[in-house]
2 protein chains.
Amino acid sequence: MYLASLGKLALGSRLKALSDHFYGAADEVYQTLGATIESRWLPVLRYLWDVGPSSVTEVADAIGQTHSAVSQLTDKLVHAGMVRRQRDPADGRRTVLVLTEKAHASLAELGPIWCAVRRGVTFSLEEHAAQLLDAIEACERALQERPVVQAILAEHAAIEASPVEVVPYAPELREHFHRLNAQWLERYFRIEEIDGVVMSDPERYILQPGGAIFFARLGEDIIGTCALLQESPGVFELTKMGVDETFRGLGAGKRLLDACIAEFHRREGHTLFLESNSVLRPALRMYEKAGFVLQPSIRPGSHYERADVYMVYQDR
Amino acid sequence: MYLASLGKLALGSRLKALSDHFYGAADEVYQTLGATIESRWLPVLRYLWDVGPSSVTEVADAIGQTHSAVSQLTDKLVHAGMVRRQRDPADGRRTVLVLTEKAHASLAELGPIWCAVRRGVTFSLEEHAAQLLDAIEACERALQERPVVQAILAEHAAIEASPVEVVPYAPELREHFHRLNAQWLERYFRIEEIDGVVMSDPERYILQPGGAIFFARLGEDIIGTCALLQESPGVFELTKMGVDETFRGLGAGKRLLDACIAEFHRREGHTLFLESNSVLRPALRMYEKAGFVLQPSIRPGSHYERADVYMVYQDR
DNA sequence: CAGAGATACGTTAGTGCTTACGTAAGTGCT
DNA sequence: AGCACTTACGTAAGCACTAACGTATCTCTG
């Protein structure tokens, strides 16, 4: 599913899809079992069933919808003979919604079906149903406490305020080198033996053999890294390029790449290559734009299991 | 929020509400920052951006919507100057959607905004965002493997096939007594000291002092329990009534209650009372229907912290 | 190579919700 | 008491999507 790759950007779309799935499933069940109810009615009917006669606004607030939605839904429920509208004698503005006898009878019969729904969802989703409910609840609460729009605007201001800077390796940044690379390795592949060795001691395995490491910095955050590894005199490998997922789109990758290529020239290398994997499409496109050319076959004697792309830099 | 109390029954509604919240938040951000994009466009635009020119059906499949939806969205995108429709020369039925130059320019500028969105969501929801995404992914997968409609219908058939039976205490059911009571105690209150003692050794604390325990059984599942505790000669307390959350609505509670009242009569008790809490509204309604009458104040010298309701049985 | 069936996709009608608006009824301030 | 305000709620218009349909095009089979 493509949407999964968009992560937090497509949260709305994915939630909607799941929501529609459950609505549809419930309706299918009701219809198959001959229940005269629709999935969208449930919150209103259950509220009136649990709490008793209530005004439109009261119901709307409880189930988290607008009074218009409840009012329109009430039209349908009245038409279906499930609800009566009554004027509130104490307050002429209010319309009190009351379940009819028919509704009481219908709802009483629905017990086993609702039970089956809960059981079926539990069977189908196993423990994920509870995890989903917990996550929803936690998110609802968090959104109340820390409105997401403000948070996003604040982050945007912070991002705009300070530019992405590229800085060379420094010992105190070593753990960032590990963190940033582990992030994408674990997400898309796994940490191969050679990765673990190099990531844990980059000074020894990258800098000492005549290589270089750069970091991208945004304010106080180290958001990306990239390494230039000297494989043999004049032959360099571009490797361990990683940008924090949440910080992509700021051009940090390109800046790091440019820094590595500049360093390659400064050291008067004659060959610069890289190995990658075809699933990392945005990265490959960036390499191409920077001057790397896709080779027809993978590099002979590659160190990496995951390598299925081999590119060589062609100066222009 | 009332919907939370419906649990798995209202999954669709809650997901929809969250979904709308995120769509709305994204649109607010785009508008505030002056980006000429709407949240609903994102899946299509990002797909074309990541994958390149694609046909309508291809996009629809990737983002999990119907071709109609994509087609109609395309109308808007064309109108906004973001997308061009092209006939596929190789297959005259297909319409290839291509991002315009303007779209490329717009999307390139959106990088920092998307970054801010990811960062903002992470800040606002903390670890719950990742939990939500994981749960969504797990549910999507589970729904594919075990369609929920079939699961529900199967459960319903199982429920209809065998009636709820009430059975008296037996030693091998002891752990069910603990499980069923722990479920609601932990959910709404906490397990007080006296609860723990009684639940762990019901034979000693309920049966030996002249009480009784009943269980509700559905097929192989023990789905509910209820106890009659003799407090002093002829004075009985109805206590430890619990029905498995997923099995509510089958009338098991009422059956257990009737069994306890019958037992109370069989033992020729003269007083039957219960203590409960006002949040357990459906249970209180059931007690009332069975003949319990709400007392004006709580029982003097109650054993329970949570008791704020005191009811006494009035034979009719 | 004809014709049945499948596929691609635009169009239309309908659904479930929203926002915006209008009206009636209650509330509060002077 | 009078007038601005708020509140309750129905109605209208609009949006995002779906299902159903129609048309054009392609593919497969005998």
Side-chain angles (χ1 to χ4, degrees), chain A residues 3 10 12-28 31 37-44 53-80 83-97, chain B residues 3 10 12-28 31 38-44 53-80 83 85-97:
Chain A
L3 285 186
S13 302
R14 293 181 78 193
L15 289 167
K16 173 128 197 329
L18 252 197
S19 163
D20 287 342
H21 187 100
F22 285 119
Y23 275 132
D27 278 328
E28 203 176 327
Q31 213 173 335
I37 184 182
E38 291 179 25
S39 58
R40 311 270 174 165
W41 299 359
L42 189 134
V44 171
S54 314
S55 76
V56 171
T57 312
E58 209 176 321
V59 174
D61 288 347
I63 67 176
Q65 296 200 332
T66 59
H67 76 267
S68 308
V70 174
S71 180
Q72 290 170 34
L73 192 49
T74 301
D75 291 344
K76 271 170 225 156
L77 291 172
V78 167
H79 187 256
V83 165
R84 262 201 330 274
R85 275 193 167 102
Q86 282 180 358
R87 274 240 108 38
D88 183 340
D91 183 340
R93 295 167 303 177
R94 292 157 53 102
T95 305
V96 178
L97 306 181
Chain B
L3 284 187
S13 301
R14 294 181 78 194
L15 288 168
K16 171 126 199 328
L18 252 196
S19 163
D20 287 342
H21 187 100
F22 285 118
Y23 275 131
D27 278 328
E28 202 176 328
Q31 213 172 334
E38 293 180 22
S39 58
R40 311 272 173 163
W41 300 358
L42 189 135
V44 171
S54 314
S55 76
V56 171
T57 311
E58 210 176 320
V59 174
D61 288 347
I63 67 175
Q65 296 201 332
T66 59
H67 76 269
S68 309
V70 174
S71 179
Q72 290 170 36
L73 190 49
T74 301
D75 291 344
K76 269 169 228 158
L77 291 172
V78 167
H79 187 256
V83 165
R85 276 193 165 101
Q86 281 180 359
R87 275 240 107 44
D88 184 341
D91 183 340
R93 295 166 305 179
R94 292 158 54 102
T95 305
V96 178
L97 307 181

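First the proteins, then the strands, lettered A, B, ... as listed; each starts at 1. These figures come from a predicted structure and were not determined experimentally.
Following rounding to the nearest Å, B/His79 (NE2) and D/dC15 (P) show an atom-to-atom distance of 12 Å. Atom CG in A/Asp91 sits roughly 8 Å away from atom C1' in D/dT7 (whole-Å rounding). The separation between A/Gln72 atom CD and D/dG14 atom P is 15 Å, rounded to whole Å.
Where A/Asp20 and A/Val96 each meet DNA chain D at their nearest nucleotide, the meeting point lying more 5' is that of A/Val96. If A/Asp88 and A/Arg40 are placed on DNA chain C by their nearest nucleotide, the residue sitting closer to the 5' end is A/Arg40. Heavy-atom nearest nucleotides on DNA chain C were determined for A/Tyr23 and for A/Pro89, and the one closer to the 5' end corresponds to A/Tyr23.
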Query - Steps toward side chain to side chain contact (heavy atoms under 4.5 Å, CB included) verdict (A/Thr57, A/Val70) - result: CA-CA 8 Å; A/Thr57 312; A/Val70 174; over 6 Å; no
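Remark: A/Asp61 CG to A/Ser55 OG distance equals 8.0 Å, nearest 0.5 Å. For the atom pair CG of A/Leu73 and CD of A/Glu38, the computed distance is 9.0 Å after rounding to the nearest 0.5 Å. Between atom CZ of residue B/Arg40 and atom NZ of residue B/Lys76 there is a gap of 9.0 Å, rounded to the nearest 0.5 Å. From B/Leu42, atom CG reaches atom OH of B/Tyr23 across 9.5 Å, with rounding to the nearest 0.5 Å.
Protein chain A touches strand DNA chain C; the 5'-most and 3'-most nucleotides with an atom under 4.0 angstrom of its non-hydrogen atoms are C/dG16 to C/dG26.
Heavy atoms only, all atoms of each residue included: B/Ser39 and B/Asp27 are closest at N-OD1, 2.8 Å.
Within the 4.0 angstrom heavy-atom criterion, only backbone atoms of the sugar-phosphate kind lie near A/Arg85; the bases stay farther away.
Residues from residues 56-70 of chain A that place a heavy atom under 4.0 Å from any atom of DNA chain C, listed by number: A/Gln65, A/Thr66, A/Ser68, A/Ala69.
Under the side chain to side chain donor-acceptor pair (under 3.5 Å) criterion, A/Arg84 pairs with no residue at all, not counting sequence neighbours.
Panel note: side chain B/Arg85, backbone B/Leu97; no donor-acceptor pair is recorded below 3.5 Å.
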